[in-house]
K.L.:
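Mind looking over this structure? Questions follow.
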Amino acid sequence: MTPFESSWNPQSPESQQRRTAMLARLGALRALEERAARASAKSQARFDKRGQLLPRQRVALLLDVGAPWLPLSALAGYLHDTKDPETSVPGGGVVAGIGFVSGVRCMVVAADSGIDAGALQPMGLDKLLRVQEIALEQKLPFIHLVESAGANLMRYRVEGFVHGGAVFRNLSRLSAAGIPVITVQHGSGTAGGAYMPGLSDIVILVEGRSRAFLAGPPLLKAATGEIATEEELGGAMMHATVSGLGEYLAQDDREAISMARDVVASLGWPASRNSGEVPPPTLPASDLLGLMSEDLRQPVDMREVMARLVDASELLEFKALYGAATVCAQGNIGGHAVGLISNNGPIDVAGANKATHFIQWMCQRNQPIIYLQNTTGYMVGKDSEQGGMIKHGSKMIHAVTNATVPQITIQCGASFGAGNYGMCGRGYEPKFLFSWPNAKTSVMGAEQAARTMQIVADAALERKGIAPDPEKSQAQFDRIVHMFEAQADVAVTSGLMLDDGVIDPRDTRDVLRQCLDMCADAQARRLSPMQFGVARM
């Protein structure tokens, strides 16, 4: 492999303009994420009075100092609690991410009890299910810091109750697979929430604070007429000494977190992969801020992106002179040999065949595939259709669907039409999918959609002998453009859990390296599965 010779001038006015726009967009998204932390921090005085730590303080204390931390789905639920973009609090009421605890890479989840007493927010359930899926697939110990008032009965939805059972199913699946499930019960766990510790392998309780019961005092009285205190029904001391629900009893949050770290240290979990020192890219990551235009119709040489992600900026391009609008190349990221696929234009017949060949080649070599999405979709037109675009594009989708190696997707720019599918979009279950702040996802471009509907509507009127009204036609055009652009925005798509989070383009290599390390660990790790999850005795 040879170093890539960049032709991009990061000091050009064009690049500087794009950089400014990207930083502004990134700042706006980070401000949204910080909104959840600020909302939770408003409960600081109440937590201090109870001698408790805030959820984010618990997570910080649990994690190894200075070790990598990969937050997940920080924008989940944006605009789902309220349609007001100025007051919507993203995050789904859950803090989640992948980090190191006592030297072991773990999935860490904390109920954000600083907001609505930890009640699961809109999209919080989907977020919890997604991180459980990642933990199972990547063989990560699952640590859950629980304190929740349960479901908000004023916003009860039967589908949430039914789908919520999958959370408990997944805890059982994790345990049965041989993946440790560790719960720290910082506060209440009522009704279904009581099954969080019930389905865990190890439970740590906090004296005077932990509560776990199927029916709290109000429900118990309403259902049976029986009167009992919270401590009698499900207090920490009762569960530690009578029911046997807890293995360890801590005096406060800090001791509970310390115990959790000790439990993880005692797992005997294999050390995570360490690729050692590898040559960084020779081209600076800061250039990635200025490569992508706000106008996603502007062309970008995606090899420039690849060269700023791979070790030593060395690339081996595959079939460079064939299907040139589809870019396939081999390189290394953090010492991992990978294949990279991206687009410098629509995916045409040659590009689809080239990508299909490359995916199969990577599968034969057992090398993960990185998709850098920046595509307006598959080529349309008479020549393309007659050339077999449908069948050749279908071959590419077959290859993506059935690839036998880890696939990771970064949405760098446009993700339009079936190009979203052929480039391993969310529906194709890549191991991880992250977006850049400028990314847009849609069935097609907003103006193309609006123009299509305008043509169809005008033709329908003309068949009836009615002349189209230019003002009404333009109004419809504007409405459709607004509808498509509003839904394509990354804050909206990330809020819908259509990615695993929005990342700073400059962090892309580090994120990919963490993901590749995890995939390599998971492939090498041998678990001790059982027929059932660990049952509480």
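One is the number of the first residue; the rest follow in order along the sequence.
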K.L.:
Under the 3.5 angstrom rule, does the side chain of Asp64 hit a backbone N or O of Ser102 as a donor-acceptor pair?
P.N.:
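At least one qualifying donor-acceptor pair exists.
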K.L.:
For Gln474 and Asp478: C-alpha separation, side-chain torsions, deciding distance, then whether side-chain hydrogen bond (donor to acceptor under 3.5 Å, both in side chains) applies.
P.N.:
CA-CA 6 Å; Gln474 184 61 44; Asp478 293 341; 2.9 Å; yes
K.L.:
Give me the atom names and distance for the closest heavy-atom approach of Arg308 to Leu291.
P.N.:
CD-CD1, 4.2 Å
K.L.:
Check step by step if side-chain hydrogen bond (donor to acceptor under 3.5 Å, both in side chains) holds for Arg451 and Gln454.
P.N.:
CA-CA 5 Å; Arg451 191 70 65 200; Gln454 188 179 55; 2.6 Å; yes
K.L.:
Would you call Leu516 and Ile370 a side-chain contact if the rule is heavy atoms closer than 4.5 Å?
P.N.:
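Yes, at least one pair of side-chain atoms sits under 4.5 Å.
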K.L.:
Checking Ser12 side chain against Asn9 main chain: does a donor-acceptor pair fall under 3.5 Å?
P.N.:
yes
K.L.:
Taking all non-hydrogen atoms of both residues into account, name the closest pair between Gly290 and Trp8 and its distance.
P.N.:
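Smallest interatomic distance, heavy atoms only, reads O-CZ2, 3.0 Å.
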K.L.:
Are there over 12 heavy-atom neighbours, none belonging to Glu294, within less than 6.0 Å of that residue's CD?
P.N.:
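Count not over threshold, so no.
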K.L.:
Counting distance only, does the side-chain N/O of Thr508 pair as donor-acceptor with the main-chain N or O of Pro505 below 3.5 Å?
P.N.:
yes
K.L.:
Glu385: which residues meet the salt bridge (Lys or Arg N to Asp or Glu O under 4.0 Å) condition with it, sequence neighbours left out?
P.N.:
none
K.L.:
Report the C-alpha separation of Glu34 and Arg30 in whole Å, then their side-chain angles, then the decisive distance to 0.1 Å, and conclude whether the salt bridge (charged side-chain N to carboxylate O under 4.0 Å, His left out) test is met.
P.N.:
CA-CA 6 Å; Glu34 282 298 315; Arg30 289 294 179 260; over 6 Å; no
K.L.:
Of all the heavy-atom pairs spanning Ile179 and Trp269, show the shortest one and how long it is.
P.N.:
CA-CH2, 4.4 Å
K.L.:
Using 0.5 Å steps for rounding, measure from the CG atom of Leu340 to the CZ atom of Arg303.
P.N.:
13.0 Å
K.L.:
Set out, in order, the CA-CA distance, both residues' side-chain angles and the distance that settles side-chain hydrogen bond (donor to acceptor under 3.5 Å, both in side chains) for His336 and Asp311, then state yes or no.
P.N.:
CA-CA 9 Å; His336 300 277; Asp311 299 351; over 6 Å; no
K.L.:
Could you pull out the closest heavy-atom pair between Ser342 and Met423, with the gap in Å?
P.N.:
CA-CE, 3.8 Å
K.L.:
For a 4.5 angstrom cut-off between non-hydrogen side-chain atoms, does Glu33 reach Leu75?
P.N.:
yes
K.L.:
So which heavy atom on Arg18 is nearest to which on Val300, and how close?
P.N.:
NH1-CG2, 4.4 Å
K.L.:
Spell out, as yes or no, whether a donor-acceptor pair under 3.5 Å connects the side chain of Lys127 to the backbone of Val94.
P.N.:
yes
K.L.:
Any side-chain heavy atom of His144 within less than 4.5 Å of one from Val108?
P.N.:
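No, their side chains stay 4.5 Å or more apart.
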K.L.:
The test is side-chain contact (heavy atoms from CB on, under 4.5 Å); show your working for Cys515 and Lys431 and say whether it passes.
P.N.:
CA-CA 8 Å; Cys515 293; Lys431 301 299 184 187; over 6 Å; no
K.L.:
Between Arg426 (side chain) and Asp499 (backbone), is there a donor-acceptor pair under 3.5 Å?
P.N.:
yes
K.L.:
With a 4.5 Å heavy-atom cut-off, do Asn332 and Val278 have their side chains touching?
P.N.:
no
K.L.:
Would you find a donor on one side and an acceptor on the other, under 3.5 Å apart, between the side chain of Arg463 and the backbone of Asp458?
P.N.:
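A pair under 3.5 Å: no.
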K.L.:
Report, as yes or no, whether the 6.0 Å neighbourhood of atom OH on Tyr421 holds more than 12 heavy atoms from other residues, nucleotides or ligands.
P.N.:
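Check fails, neighbour count at 12 or below.
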K.L.:
Let's go through Arg130 and Asp500 carefully: what are the C-alpha distance in whole Å and the side-chain angles of both, what is the deciding distance for salt bridge (charged side-chain N to carboxylate O under 4.0 Å, His left out) to 0.1 Å, and is it a yes or a no?
P.N.:
CA-CA 9 Å; Arg130 172 59 181 155; Asp500 293 316; 2.9 Å; yes
K.L.:
Looking only at non-hydrogen atoms, find the nearest pair between Cys106 and Val101 and report the distance.
P.N.:
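Closest approach of Cys106 to Val101: SG-CB, 4.1 Å.
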K.L.:
Can you list, pair by pair, the side-chain donor-acceptor contacts under 3.5 Å of residues 355-364, counting residues two or more places apart and other chains?
P.N.:
residue : atom : partner : partner atom : Å
Thr356  : OG1  : Ala352  : O            : 2.8
Thr356  : OG1  : Met396  : N            : 3.2
Trp361  : NE1  : Gln330  : OE1          : 3.3

K.L.:
Is a donor on one side and an acceptor on the other found under 3.5 Å between the side chain of Arg105 and the backbone of Gly99?
P.N.:
no
K.L.:
State which residue, out of Val502, Asp504, Ile503, fulfils the side-chain contact (heavy atoms from CB on, under 4.5 Å) condition with Leu29.
P.N.:
Val502
K.L.:
Please round to the nearest 0.5 Å and tell me the distance separating atom CG of Leu288 and atom CG of Leu309.
P.N.:
6.0 Å
K.L.:
Are the side chains of Thr2 and Glu314 in touch, meaning some heavy atoms are under 4.5 Å apart?
P.N.:
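No, too far: nothing below the 4.5 Å cut-off.
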K.L.:
Just do the side-chain contact (heavy atoms from CB on, under 4.5 Å) check on Glu133 and Arg173 with the steps written out, would you?
P.N.:
CA-CA 10 Å; Glu133 175 190 348; Arg173 290 172 65 199; over 6 Å; no
K.L.:
To the nearest 0.5 Å, tell me how far Leu512 CG sits from Phe434 CZ.
P.N.:
8.5 Å
K.L.:
Would you please test Asn170 and Leu128 for side-chain contact (heavy atoms from CB on, under 4.5 Å) and show each step?
P.N.:
CA-CA 10 Å; Asn170 288 343; Leu128 191 50; over 6 Å; no
K.L.:
If you measure from the Lys or Arg side-chain nitrogens to the Asp or Glu carboxylate oxygens, is any gap between Arg19 and Glu14 under 4.0 Å?
P.N.:
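Salt bridge absent between Arg19 and Glu14.
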K.L.:
Under a 3.5 Å distance rule, please check whether Ser313 uses its side chain to pair with a backbone N or O of Pro281 as donor and acceptor.
P.N.:
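No, Ser313 side chain to Pro281 backbone: no donor-acceptor pair under 3.5 Å.
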K.L.:
Looking only at the side chains, is there a donor atom on one of His398 and Lys395 sitting less than 3.5 Å from an acceptor on the other?
P.N.:
no
K.L.:
Does some side-chain heavy atom of Gln487 sit less than 4.5 Å from a side-chain heavy atom of Lys440?
P.N.:
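No - every pair of side-chain heavy atoms lies 4.5 Å or more apart.
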K.L.:
Assess whether atom CG of Leu23 is packed by more than 12 heavy atoms of other residues, nucleotides or ligands within 6.0 Å.
P.N.:
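Enclosed: over 12 neighbouring heavy atoms sit under 6.0 Å from CG of Leu23.
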K.L.:
Using 0.5 Å steps for rounding, measure from the CG atom of Asn344 to the CG atom of Asn374.
P.N.:
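It is 8.0 Å, given to the nearest 0.5 Å.
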K.L.:
Do Asn353 side-chain atoms and Val349 backbone N/O form a donor-acceptor pair below 3.5 Å?
P.N.:
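Yes, because the side chain of Asn353 sits within donor-acceptor range (under 3.5 Å) of the backbone of Val349.
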K.L.:
Please tabulate, for side-chain N and O atoms in residues 403-419, each donor-acceptor pair with protein atoms closer than 3.5 Å (sequence neighbours left out).
P.N.:
residue : atom : partner : partner atom : Å
Gln407  : OE1  : Tyr371  : OH           : 2.5
Gln407  : NE2  : Val400  : O            : 3.0
Thr409  : OG1  : Cys424  : O            : 2.7
Gln411  : OE1  : Ser435  : OG           : 3.3
Gln411  : OE1  : Thr441  : OG1          : 3.4
Gln411  : NE2  : Gln373  : OE1          : 3.1
Gln411  : NE2  : Ser415  : OG           : 3.3
Ser415  : OG   : Gln373  : OE1          : 2.4
Ser415  : OG   : Asn420  : ND2          : 2.8

K.L.:
Within a 6.0 Å radius of atom CE on Met1, are there more than 12 heavy atoms belonging to other residues, nucleotides or ligands?
P.N.:
yes
K.L.:
If you draw a 6.0 Å radius around CD in Glu5, do more than 12 non-hydrogen atoms from other residues or ligands fall strictly inside?
P.N.:
no
K.L.:
Can you tell me if Lys354 uses its side chain to pair, donor with acceptor, with the backbone of Tyr322 under 3.5 Å?
P.N.:
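Answer holds: yes.
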K.L.:
Is Phe432 close to Ile134 at the side-chain level, that is, under 4.5 Å between some pair of heavy atoms?
P.N.:
yes
K.L.:
Starting from the C-alpha separation in whole Å, work towards a yes-or-no answer on side-chain contact (heavy atoms from CB on, under 4.5 Å) for Thr493 and Val490.
P.N.:
CA-CA 5 Å; Thr493 55; Val490 72; 4.1 Å; yes
K.L.:
With a 4.5 Å cut-off on side-chain heavy atoms, are Val380 and Met389 touching?
P.N.:
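Not in contact.
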